[in-house]
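Sequence lines set the chain letters: A, B, ... in the order given, protein chains first and strands last, and positions in each chain run from 1.
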There are 2 protein chains.
Amino acid sequence: MDDLEEGLIRRKAVAQLAGVSEATVSRVLNGVGPVKEETRKRVMEAAKQLNYVPSALAQQFARQKSGNLGVILPLLPKVNVFSTYYFSEILSGIGHTAKQSGYDLLMLFREPGEPREYAHLFRTQKIDACIILGAQNIPSDYDALKELQREGHPFCLINQQYEGAPFNTVDADHRMGSYDATVHLMKQGCQRIWFLNGPSAFSNSLDRLEGYCQALETAGEPFDPNRVLVGNYSRKSGYESADIMAELIRTGQADAVIAANDRMAIGLLQGLKERGLIAGEDYALVGCDDSDGARLTDPPLTSIAVPFYEAGCEATSRMLEALTEPVLTAPFTAKLPVRLVVRASSQV
Amino acid sequence: MDDLEEGLIRRKAVAQLAGVSEATVSRVLNGVGPVKEETRKRVMEAAKQLNYVPSALAQQFARQKSGNLGVILPLLPKVNVFSTYYFSEILSGIGHTAKQSGYDLLMLFREPGEPREYAHLFRTQKIDACIILGAQNIPSDYDALKELQREGHPFCLINQQYEGAPFNTVDADHRMGSYDATVHLMKQGCQRIWFLNGPSAFSNSLDRLEGYCQALETAGEPFDPNRVLVGNYSRKSGYESADIMAELIRTGQADAVIAANDRMAIGLLQGLKERGLIAGEDYALVGCDDSDGARLTDPPLTSIAVPFYEAGCEATSRMLEALTEPVLTAPFTAKLPVRLVVRASSQV
DNA sequence: CTGAAAGCGCTAACAT
DNA sequence: ATGTTAGCGCTTTCAG
């Protein structure tokens, strides 16, 4: 009860108590090098008895490794292009995987206008590797990534690719997702399928659009670029496109919509409902992400399920591997499968 | 282009180039102690020229401070008692505030069955302070917190209090929230208001129940413990209570329900809808949290808005203060105001 | 299998 | 205002 005076030179005491050198204490505690079983036991016991725990600070310093995996993500000020669903699923995957390897997660929030000093995090040795969420195809992001690569830092993007740039990436097969969605809608008899996309700075916007085009063309129906609207992945932008969509539906120029994420789909669904148009009756609607919200709407939203949790796991284990076996392999690109989840909103 | 060989003894070089000692370099870079403006400039220039950045590892070690704020939170394996809304709002608040002080966030996920070795994180010096989310009133949690306190580590709970235990806490006025909700329902003419609570291991479950009771009693209507159901904060548990609630509503034994969170409220709303009972028509419904989902349901859900983002900010700034001025003040308890947001589900 | 000793890069007295 | 120096606590060669 009164041994709370946290000793400082505890390690020395442990060594003494066990009758060995500090070096041996280190060997035992880290399980490295040959150590006689008996010595090992003595040290372990001494450590436990003295309630000794090594300082992570000193270890990191001596090893020149922070033991931290950086997770860079956009700061969500109330609302954001990323649904919290996306965010928490990926984070859970990362957390689960990192934990198993004893790696800690350092969260790095990136404020909107701020310069992307990712490389700085490595130079200061705050992190040993990192996973980047929400990167976009814009110069500031791209340059920062190039810099990371140039300096040889291990990093991995989730859900974002750069044309012709070989960055490590874990992505989902968004193209296939909207391909499937489009085929599904055509099977339901839809003839004029519109596409409500997100900003093209996100590679998955492009992927999704591509799948939609391919499905149409495969069916012998030429892609009509006029049938594409662009929002910003917020519910508001979906809601706001209801005005034009209502008109299109009423005049028979549209009988279905694929929205590039659930938030926009939900906004659109609500906006159209206010105008008397019901998803699953007056038009068919498909979203992307299969977020929690897809189950809450009325009618429930057909959506494309993306394995975000798994993406987090995958990216993390790849990074951890890269840290243990620094074999300079070529950049990898994992593409996880998606799955169309059909609900009432697309059943006309 | 070829100066990529990251020097190791860069600091020494900086000192030389600036014609000063390493100590002065340190002073300049940290902005401490008196330094002649001219020297300062010389050093800064030398540092920039040599592209020098101090090693956080070495700094932390020398200062004996990790510079990390620990954030302990439950690992969300797919779904959890915490809505992702709650989770991401609080995290955003923490991230925003910590960032401004140059503190980093170390995420510590706590797996379900696992022992709570919070104190360990301090002993190993991985964190300087921490914020704990999702703690419950159960022995394993309580003991871990007591240990933290006994060892004098700065920590703060969000949304959880322990009777008679003076832990630092940032909470919301949940009692007032359900008080207001109850009054609101009575004003709508509801006479038999039920309460669907969450597990009592969460202090806010108790707070909410208390507000409900107080409102009833203030109105001269005695509290009837039979009108309380208990779920586990999941949508499923709300959905499952629809069976019994449907019967109660049909037989006139219930005309309103307050659910202790939105997820349960939404589950209940859906379950009752399947049984032909519509919120806002056949009965009144109020949830808690004012999550995104509250705006998605049909009808939209009346709910109690809780300033989760602000709670994260508040807890963080308190912890950061505690680190800079280690004045041992008494444990604090902040109680943030909540706000009833009336939507269609409660307008009978 | 174990001990001795040399750092890891920076900070913070203490001296000047 | 600046230089000197002694660590911070651990890991890791290198000997033995």
Side-chain angles (χ1 to χ4, degrees), chain A residues 6-44 46-47 50-68 102 120-128, chain B residues 5-44 46-47 50-68 102 120 122-126 128 324:
Chain A
E6 294 294 315
L8 299 177
I9 326 102
R10 299 199 126 317
R11 188 194 190 76
K12 201 172 286 174
V14 172
Q16 251 174 1
L17 206 170
V20 300
S21 72
E22 288 191 48
T24 300
V25 175
S26 182
R27 290 199 186 90
V28 170
L29 264 48
N30 293 304
V32 304
V35 178
K36 205 190 289 175
E37 174 59 17
E38 193 212 310
T39 341
R40 208 187 65 77
K41 280 200 168 173
R42 270 214 318 283
V43 172
M44 291 302 263
L50 294 176
N51 197 25
Y52 168 77
V53 278
S55 155
L57 252 37
Q59 286 182 316
Q60 292 164 0
F61 179 55
R63 294 177 178 147
Q64 292 292 303
K65 289 234 171 284
S66 69
N68 290 155
H120 199 75
L121 298 165
F122 284 94
R123 295 196 203 109
T124 60
Q125 313 193 63
K126 279 197 189 239
I127 59 177
D128 300 335
Chain B
E5 2 110 19
E6 295 294 315
L8 298 177
I9 325 101
R10 299 199 128 316
R11 188 196 191 74
K12 201 173 286 175
V14 172
Q16 251 173 3
L17 206 170
V20 299
S21 72
E22 288 191 49
T24 299
V25 175
S26 181
R27 290 198 186 90
V28 171
L29 265 50
N30 292 304
V32 303
V35 178
K36 206 191 286 174
E37 175 58 18
E38 192 213 312
T39 345
R40 207 187 65 78
K41 279 199 168 172
R42 272 214 318 283
V43 172
M44 291 303 263
L50 294 177
N51 197 24
Y52 167 77
V53 278
S55 157
L57 253 37
Q59 286 181 316
Q60 292 164 1
F61 179 54
R63 294 179 178 144
Q64 293 289 73
K65 291 238 171 276
S66 69
N68 291 155
H120 199 75
F122 284 93
R123 294 196 203 108
T124 60
Q125 313 193 63
K126 281 200 187 232
D128 300 335
T324 54

- request: For B:P54, report the nucleic acid contact type (base, sugar-phosphate, nothing); a contact means any heavy atom under 4.0 Å.
  value: sugar-phosphate
Sugar-phosphate only, base, or nothing, as touched by A:V25 at under 4.0 Å among non-hydrogen atoms: nothing
message: Is the base of D:dC10 stacked against the aromatic ring of A:F61, taking ring centres under 5.5 Å apart and planes under 30° as the test?
response: no
So, OP1 or OP2 of [N]: does either fall under 4.0 Å of a side-chain N or O from [X]?
{"X": "B:T24", "N": "D:dG3", "result": "yes"}
{"X": "A:Q60", "N": "D:dC10", "result": "no"}
{"X": "B:R63", "N": "C:dA12", "result": "no"}
{"X": "B:Q59", "N": "C:dT11", "result": "yes"}
{"X": "B:R11", "N": "C:dC10", "result": "yes"}
{"X": "B:S21", "N": "D:dT4", "result": "no"}
{"X": "B:T39", "N": "D:dT2", "result": "yes"}

Rounded to whole Å, how long is the line connecting atom [atom1] of [X] with atom [atom2] of [N]?
{"X": "A:E37", "N": "C:dC1", "atom1": "CD", "atom2": "C1'", "answer": "13 Å"}
{"X": "B:R42", "N": "D:dG3", "atom1": "CZ", "atom2": "C1'", "answer": "13 Å"}
{"X": "B:K12", "N": "C:dT11", "atom1": "NZ", "atom2": "P", "answer": "15 Å"}
{"X": "A:R27", "N": "C:dA4", "atom1": "CZ", "atom2": "P", "answer": "11 Å"}
{"X": "B:L29", "N": "C:dT11", "atom1": "CG", "atom2": "C1'", "answer": "12 Å"}
{"X": "B:Q64", "N": "D:dA6", "atom1": "CD", "atom2": "P", "answer": "19 Å"}
{"X": "B:E22", "N": "C:dT11", "atom1": "CD", "atom2": "C1'", "answer": "11 Å"}
{"X": "B:R40", "N": "D:dA1", "atom1": "CZ", "atom2": "P", "answer": "14 Å"}

Heavy-atom side-chain proximity of B:K126 to B:N68 below 4.5 angstrom: no
- prompt: Does the side chain of B:Q59 reach to within under 4.5 Å of the side chain of B:N30, using non-hydrogen atoms?
  reply: yes
task: Go through D:dT11, C:dC1, D:dT2 for me and flag the one nearest to the A:A62 side chain.
output: D:dT11
field: Salt bridge flag under 4.0 Å for residues B:R40 and B:E37
entry: yes
field: Heavy-atom donor-acceptor pair, B:Q125 side chain to B:F122 backbone, under 3.5 Å
entry: no
Residue among A:K36, A:K41, A:R42 satisfying side chain to side chain donor-acceptor pair (under 3.5 Å) with A:E38: A:R42
